[in-house]
Amino acid sequence: MKFVDEFRNNEYTKILVEKLNNISSEKMNIMEVCGSHTMAIFRYGIRDVLPSNINLISGPGCPVCVTPQSYIDTALTLSEKGNVIIATFGDMMKVPGKKGSLTKKKAEGADVRIVYSPMDCLLMANQNPSKKIVFLSVGFETTAPMAAVTVMEAKKNNISNLFFLTAHKIVPPVMEALVKEKDLIIDGFLLPGHVCAIIGSKPFEFLSRDYHIPGVVTGFEPIDMLQGLNTLVSSVSKKNNRIENDYKRIVKTEGNPSALEYLKKAFNRVDSSWRGLGRIPNSGLEFKGEYEDFDALKHFKIDYEEYDGSPGCKCGEILKGKIKPPDCPLFKKICNPENPVGSCMVSSEGTCAAYYRYHKDTK
Ligand code: SF4
């Protein structure tokens with residue numbers, strides 16, 4: 001498979017591992033921001049071949065994990081309305097709210113359906129004219145353009161029974177919040193390849209310019225990540241605080257102009273709440289006025305009250321990289337993927353889920 005086999009080549013992997021182990025003995029904290037990177041790092045055993053001076057920290061890069069509990073509870077409330085179909089990506093099903101989960105609501109008779117794209121909701125709305133479809137529109141810059149395209153199509157086709165419960169998040173502002181965190185030292189970032197495919201590497205240049213922290217955009221195959229780590233560790237050790245792009249086959253400096261145009265047409269940037277991290281300025285998306293009829297909160301006149309967190313859950317500290325999942329007293333004892341206490345254990349990209357599946361030691 002072109003662009004897959006080359007990036008899993010054993011010989012190259014060995015060379016990169018050896019190189020990585022000889023760059024520097026300086027202690028450094030490297031954060032991988034993206035949940036897909038967290039999973040790939042575990043899946044390919046990257047932690048096992050790292051030199052001991054490199055501490056990998058997992059960041060808040062899983063959209064389900066950072067969605068506040070109050071959002072889940074609002075979705076649960078909507079699912080109780082007799083004429084509503086909740087349409088959602090599968091990994092939202094088990095996220096616990098105060099009143100249970102969508103899986104539980106579905107078992108109790110609510111009409112909750114899994115979709116693979118927001119565009120599936122257009123067909124659902126057409127096929128169910130007497131129902132109101134509510135799409136749980138979450139995700140980073142990677143999924144928001146499809147939500148934008150869908151709402152535009154809905155407006156163009158006069159679809160009046162499709163609504164979006166939006167909680168889209170924007171990644172650069174949360175990274176700025178993290179570098180300002182007391183007690184958290186990040187020496188370099190592995191930048192999120194999928195998000196950068198949409199917005200480009202340019203929006204991350206503030207890390208270098210304002211905070212003197214280097215970053216490297218990288219992909220998700222073993223060679224991508226080892227190459228990215230080589231570049232980043234070398235940058236940290238040489239105090240070269242540049243933002244580099246090691247994923248040029250996918251990511252352009254300026255991003256994807258067409259996707260960015262859709263985002264600009266459909267959404268305004270707003271302040272947004274991140275689970276465990278609080279309210280972060282300019283880190284969310286809200287429909288522009290011309291699309292507000294599709295906003296579920298406005299249509300159902302919901303007075304949205306924000307709150308967060310399950311008792312005992314340490315997702316907030318995990319999403320900030322301050323502790324690792326085995327440091328949470330509930331990890332594996334009470335909290336597991338079948339019975340998640342917090343959102344970090346639910347999504348396949350969640351840090352706790354990754355540690356549950358792959359973790360052997362606490363490195
Ligand atoms: Fe929360 Fe469970 Fe992770 Fe602990 S192990 S932080 S309870 S999700």
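Whatever order the structure lists them in is the order used to number ligands and atoms, beginning at 1.
Under the 4.0 Å criterion applied to side-chain N and carboxylate O atoms, Glu244 and Arg242 are assigned as salt-bridge partners. A salt bridge links Lys14 and Glu11; the closest N-O separation between the charged side-chain nitrogens and carboxylate oxygens is under 4.0 Å.
Regarding atom 2 (Fe) of ligand 1, its nearest protein heavy-atom neighbour is Cys335 SG, 2.4 Å. Nearest to atom 6 (S) of ligand 1 among the protein's heavy atoms is Lys314 N, 3.3 Å. Scanning all protein heavy atoms for the shortest distance to atom 4 (Fe) of ligand 1 gives Cys328 SG, 2.3 Å.
Those atoms of ligand 1 that come under 4.0 Å of a heavy atom in Cys313, given as number and element, are 1 (Fe), 6 (S), 7 (S). Close approach of ligand 1 to Cys352 is summarised as follows: ligand atoms under 4.0 Å from at least one heavy atom of the residue are 3 (Fe), 5 (S), 6 (S), 8 (S). When each atom of ligand 1 is checked for a heavy atom of Met345 under 4.0 Å away, the hits are 8 (S).
Ile133 pairs with exactly one of Leu123, Ile85, Val84 by the side chain to side chain contact (heavy atoms under 4.5 Å, CB included) rule, that one being Ile85. Under the side chain to side chain contact (heavy atoms under 4.5 Å, CB included) rule, Met93 has a single partner from Thr88, Ile86, Val64, which is Thr88.
When all heavy atoms of Thr38 and Thr351 are compared, the closest pair comes out as CG2-CA, 4.4 Å. Of all the heavy atoms in Gly82 and Lys131, the pair that sits closest is O-NZ, 3.4 Å.
Of the heavy atoms in Ile318, only side-chain atoms (C-beta onward) come closer than 4.0 Å to ligand 1. Using a 4.0 Å cut-off between heavy atoms, Cys315 contacts ligand 1 through both its backbone and its side chain.
Contact between Pro325 and ligand 1 is absent, with no heavy atom of the residue lying under 4.0 Å from the ligand.
Judged purely by distance below 3.5 Å, without hydrogens or angles, the side chains of Ser201 and Asn245 never pair a donor atom with an acceptor atom.
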